[in-house]
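For reference, the structure discussed in these notes is given below.
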Amino acid sequence: MTTNLPPLQHTVSPVDSTLSQPLSPAEQRVVRRGERLSRRRLYTRRFLRNRGAVAGLVILILLVLFAVAGPLLTSYSYTDVDFTNLTAAPSSQHWFGTNGVGNDTFAQTVHGLQRSLIIGVVVSLLTTLIAAFVGAVAAYLGGTAEKAILGVVHFLLVVPSFLLLGLISQKAGGDWKVLILVLVMIGWTYGARVVYSLCTSLREREYVQAARFMGVGSLRIVLRHLVPNIGSLLIVSFTLGVVTTVQMETGLSFIGFGVKQPDVSLGSLLGDGANTITSAPWLFYFPATMLTLLTVSMALIGDGLRDALDPMSHSAGRA
Amino acid sequence: MGAALVLRYLLRKSLGWLLMIVVATNLTYFVANFFLDPRANYLQLRPPRTPEQISRSLAQYNLSRDTPLLDRWWHWVSGIVLHWDWGYSPVGESVNSQISFRIGVSAQLVMGSLILSTLIGISLAVYTAARQYRFADRFAQGVSIVTLNTPVVVASLAVVLLAIAFNQSVGSTVLFVAGAQSPTVSGFWPLLLDRVRHLILPTISLTVISYAGTHLLQRSLLLDNINSDYVRLARAKGLTRQRAIRRHALRTSLIPVAITVAFAIPALFTGAVITETIFAWQGMGQYFVQTISKNDVHGAVAVAAFGALMTAIGAILADIAVVALDPRVRVS
Amino acid sequence: MTRSETGPATGPLLSVRNLAVSFPSEAGRVDAVRGVDFDLFPGRTLAIVGESGSGKSVTAMAVMGLLPEYASVTGSITLSSRQLLGLDDRQMSQVRGRNLGMIFQDPLSSLTPIFSVGQQIVEALEIHQNMDHDVAWKRAVELLDLVGIPHAAERARSFPHEFSGGMRQRVVIAIAMANDPQIIIADEPTTALDVTVQAQILDVLRLSQTETGAALIMITHDLGVVAGIADEVLVMYAGRPVERAPVDDLFTRPLMPYTIGLLGAVPRVDVAQRRPLVPIQGNPPLLVDLPPGCPFQPRCPVSVPRCGDREPDLAVVPDAVGGHSVACIRAHEIRYDGRNSCIDGRPVYPVPPVPDVPGARVPREQRPAVLQLTGVSKTFPLLKGAILKRRVGSVYAVSNVDLDIREGETLGLVGESGCGKTSTLLEIMNLRPPQHGSIRIAGVDVAQLRGRDTERQLRRKLQMVFQDPMGALDPRMTVFDILAEPLQAVGEADRAAIAARVDELMDLVGLNPEHSDRFPTAFSGGQRQRIAIARALATNPSLVVLDEPVSALDVSIQAGVINLLNELKAKLGLSYLFVAHDLSVVRHISDRVAVMYLGRIVEIGAVDEVFGGPQHPYTQALLSAIPVPDPMVERTRERIVLRGELPSPTDAGPGCRFVSRCPLYLTLDVAQQARCTGETPELTGRGDRDQQNACHFR
């Protein structure tokens, strides 16, 4: 992958844990004891107990606010050029300084953050949905459909996806919408495999078997029994998918295959900043901080969600 | 399963991969021809060339659009099959020589950090898993989550900044931030020292971003195993907790980690793009960027073939790791 | 090893005093063990009995020092007057394995998969004894031989996955006895095994005890096992011992109402009488913030207001011999009248009335068959190799099975794991034509099924209850949705009709209809199984297939579910196909029984005929392997312990599949033996009895 990602870095928790949710005995007691603590409240409570996850959530909310409200705070737009201030250090006029052409770094960072957020969220959402659908269908239908889908997925592992990524986005000239399309095209395969293997074990569950023996139809089984039971996995993989996508986008834009002038993303800003890292370090510092905060906060949230939604998790054990 | 059976199995598996590589590579040839137009390289030249001149220049490298695509493909394929000749760039550099030189550069970069990050990741996992939820564990996990999710660009540039600060404080350039070697050094020991001084920074930055994956994976596998029945039995025999973890839990949970590491090797070779770009190493990753931006069809396809080959090698290495480590597969 | 640290011969080897263990949890502190006292004397066997969550395993773990770090443990555990509690891991590791050996429940996961079994025994030896590696290896082979592993010298080099469950448990026992420990603690050592293997393992345990002279702590929920092996019994409830007595006293003269209830709730394989079991009402308490008073009070049929004042101590019964203690303030009022334990002249547990089965009066032949299997066979390809899968043969999971179930009848299908019970059941449930033979359900041949509608109509008549009540209920659906699902599946769309039916079903299985908006997790195991039964009844089926429906439940809960099934059958005229490995339960619930071995039915007939006078050597061995919860019976009866374990059914050749383990075969002459191996026996029987078996010589 273009971004130096070890391929399995966000290994989604092993098959059994996030599937059905047999609560630990202690929690069953909570439920049985009158006031019926609902599932959602239980998850919320577990999530909120995870300090890292809460910190991540707070940071993410601040980042989103910054991305939305940022343009209102400055009179410059990200394309405006201030010829009187070229490569100027941060000042009261240009809070984050300016670059060699005279663009306001604050405005550019805000815009880049918006861009990276949109790309991350949209790509991760689409890949998760596609992966869930393809994976579940392959697992449930079995037979030829299963073989065909798995064949495609395996083949895509060999086809050097990074090369396609480079070729297509190079050709597209830095249009972020094309970039989204390409990232989605390449991103769904791994998720589909995970969903597929989860669903193959789910379809052997006794309640699925029970439904089949009752005469419940296939589509209904997929919708009522399979999909809801991989829901928590999908939420987690969506969150971590945002991290992966933002990293990919950054990497691509950095080496010049992603978002290009006049549009900017955090990655392309970093690409510019890297060249002047000693002479104008602010061009590196501000986008780098935003980007790191974004990926780390998302990862913390994802980890927190995984622990909160995972019934086997012991992270809550030391109450 | 006997050794002969394993060999036969690996052979069959390798043939399957080979087929996939051949198909993928040929597919990439057509895709690359669609997306990359080598004529662009000549358009900027001064004095301007006529289309005929350009076509003639390109024709000698089998890149002319005037030759039908299928003919060019046939020429390209037979070159590889008959002479192991992977073609030329639009300006006439041989792909073979580029790749053979760059693989060595990449290997230097990748191997050190692979070994380091695996060792660090596993030892950290053993240390922290035995202290689950204590401060050391939470702290190490927090650091790992941050480094794992810090964008590569940021991590590498941060290493560069730190190194520059270090060099400045020492007063001389101890650590080089660019290139694989200095052009003027000679003699064995000076050369070795020079290599090491170039190697340190990129190795550190690659290790920083990749050790955490191994750490977190090995830690969670270990935790699963620490609570397993057989570790409990090992303790019931009279092993202390620490020894039971190291002897029983670790050995068993190394299997999936070994598989993951085996799979990661190819990704590292082609994936160190950003590190190579930042530290100006002429490795495979940087070649990949260069071929695309310079419309080098043959180079790009060769990179693709190399990537596919690496994926296959990773998968086969993973299989070998399983057979070597897991008696449940070995004997049956 | 010398036994100098054993102390005076009369003193206890292990003394546990006021042991308490608690764990932190989401709901508050769980007091898993709340004050356990016992002494263990050299060479004796103490059984600790209790249902899940009673604290028996936690007690064992506390003695071994293997509880997780976050557990808080107080009290005192002294081994030969050395205090074990408070020792750190390093000091405790000197004691574990040398003085204390332990055997765990699940042999399949107890051994490290990547070391050979020899290595694992050698490790146990080398930790505690300064032994040469070769000597240790030789000793390991001896130990393997001792616990009954054939070809021990070669098998020592094999890895755990190459052994069956019973063989692995033997290896675990060999490890436990490797250093001649003073005490062996066995935590449910046979629960995961089949009965014939259980009998072998219990023998090996007795052997290991005589070899090492060790005292044994046997932790189990199975009162039959207790009756056979224990000298003294400690009954635990809600984290505390509630009764302690020598084994004969406990079984003949139980004084704690809980113990009385447990003994009454166990179905017995040796008793023909078909009276309902006596369930204990309610569920064990949660061990979080227990109210004061006797924890059994809410379930106790003879509780009085005084029981709620304070928790009674475990006190010695004044007139008893041999140290019988009980924790009940009314224990002195309880008398045994020869049939029941009584209080004020009435049984502690009122015996429920026998349900009346109307159909039973019509002779069997005149009732219509709801299920008929004729010559049904099923084979699977046998694949070998973990990464290199090749077909190396076939597994004959079901071979030429004939059976029928009449209206209002229960057929028990029994056999050990791998005998083909589940495959037979799946063949029926799939509603697909079998590979060979035919299946008729409610008179319809499944091969004749055309289209979804006719299949749906047939599904109405045929429902199933699974073994694990948790796994069979979708955790993300409310009980209402779960019960509505089969109705919707057969085309019921009227919301009001469904709601009415759901209420009716909840009522039918003894649950409060108002609770149908809850999720399955809010219910206890027994209640979940009731929900699963309600779901099976939703469409008014004529045949319900029950796959081990009570094996995941505790004894006191199991009795209630069995009674419910019997009641429902009487009330609704249902037929059951009851698949189980527990023959006692089968005897209790079935009208007829079929015994399977390697895919074939070896004996079939009326339940009292088969259990009372088993003919096939396998049936005889199977029945004799089942421990009976009566120490007198256990001591005197003769057991047929089968050699070896269930082979896999890969042999397609003719002949009886039981020959490899058959005790009768060994007594036959050559010509007769040739018949056993050369000719497949058919089911034959005498005309005057409903009993057939597939043995040439019976």
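Here the structure is a predicted model, which means the values were calculated and not measured.
At most 12 heavy atoms of other shown residues, nucleotides or ligands fall within 6.0 angstrom of atom CZ in R29(C). Remark: F30(B) CZ is packed, more than 12 non-hydrogen atoms of other residues, nucleotides or ligands lying under 6.0 Å away.
For V95(C), no part sits under 4.5 Å from any heavy atom of chain B, backbone or side chain. When heavy atoms are compared at a cutoff of 4.5 Å, S228(B) does not approach chain C at all. For L100(C), the part lying under 4.5 angstrom from a heavy atom of chain B is the backbone only. Both the backbone and the side chain of Q120(C) come within contact range of chain B, judged by heavy atoms closer than 4.5 Å. With a 4.5 Å cut-off on non-hydrogen atoms, M92(C) does not touch chain B at all. Contacts between I175(C) and chain B at a heavy-atom distance below 4.5 Å involve the side chain alone, from C-beta outward. Residue contact with chain B, scored on non-hydrogen atoms closer than 4.5 Å, involves the side chain of M64(C) exclusively.
In this view, S220(B) satisfies the side-chain hydrogen bond (donor to acceptor under 3.5 Å, both in side chains) rule with no residue, not counting sequence neighbours.
Between R131(B) and E69(C) there is no salt bridge, since no side-chain nitrogen of the basic residue lies less than 4.0 Å from a carboxylate oxygen of the acidic one.
From F115(C), atom CZ reaches atom OH of Y230(B) across 9.5 Å, with rounding to the nearest 0.5 Å.
Taking each heavy atom of S109(C) and D229(B) in turn, the nearest pair found is OG-OD2, 2.6 Å. The nearest pair of heavy atoms linking A236(B) to M102(C) is CB-CB, 4.1 Å. Here the closest heavy-atom approach between residue I127(C) and residue G238(B) is recorded as CG2-O, 3.5 Å. When every heavy atom of T240(B) is checked against every heavy atom of S93(C), the shortest pair comes out as CG2-OG, 3.4 Å.
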- Item | K237(B)/R96(C) under side-chain contact (heavy atoms from CB on, under 4.5 Å): CA gap, chis, key distance, verdict | CA-CA 6 Å; K237(B) 281 186 202 173; R96(C) 284 195 294 259; over 6 Å; no

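With R241(B) contributing its side chain and D89(C) its backbone, the two residues share no donor-acceptor pair below 3.5 Å.
With chain B as the partner, the residue from A124(C), S110(C), A176(C) showing the most heavy-atom pairs under 4.5 Å is S110(C). Of all the listed residues (Q105(C), Q94(C), M61(C)), the one sharing the greatest number of non-hydrogen pairs under 4.5 Å with chain B is M61(C).
Contacts of residues 243-250 of chain B with chain C at a heavy-atom distance below 4.5 Å involve R247(B), H248(B), listed in sequence order.
No side-chain heavy atom of L325(B) sits under 4.5 Å from any side-chain heavy atom of I114(C).
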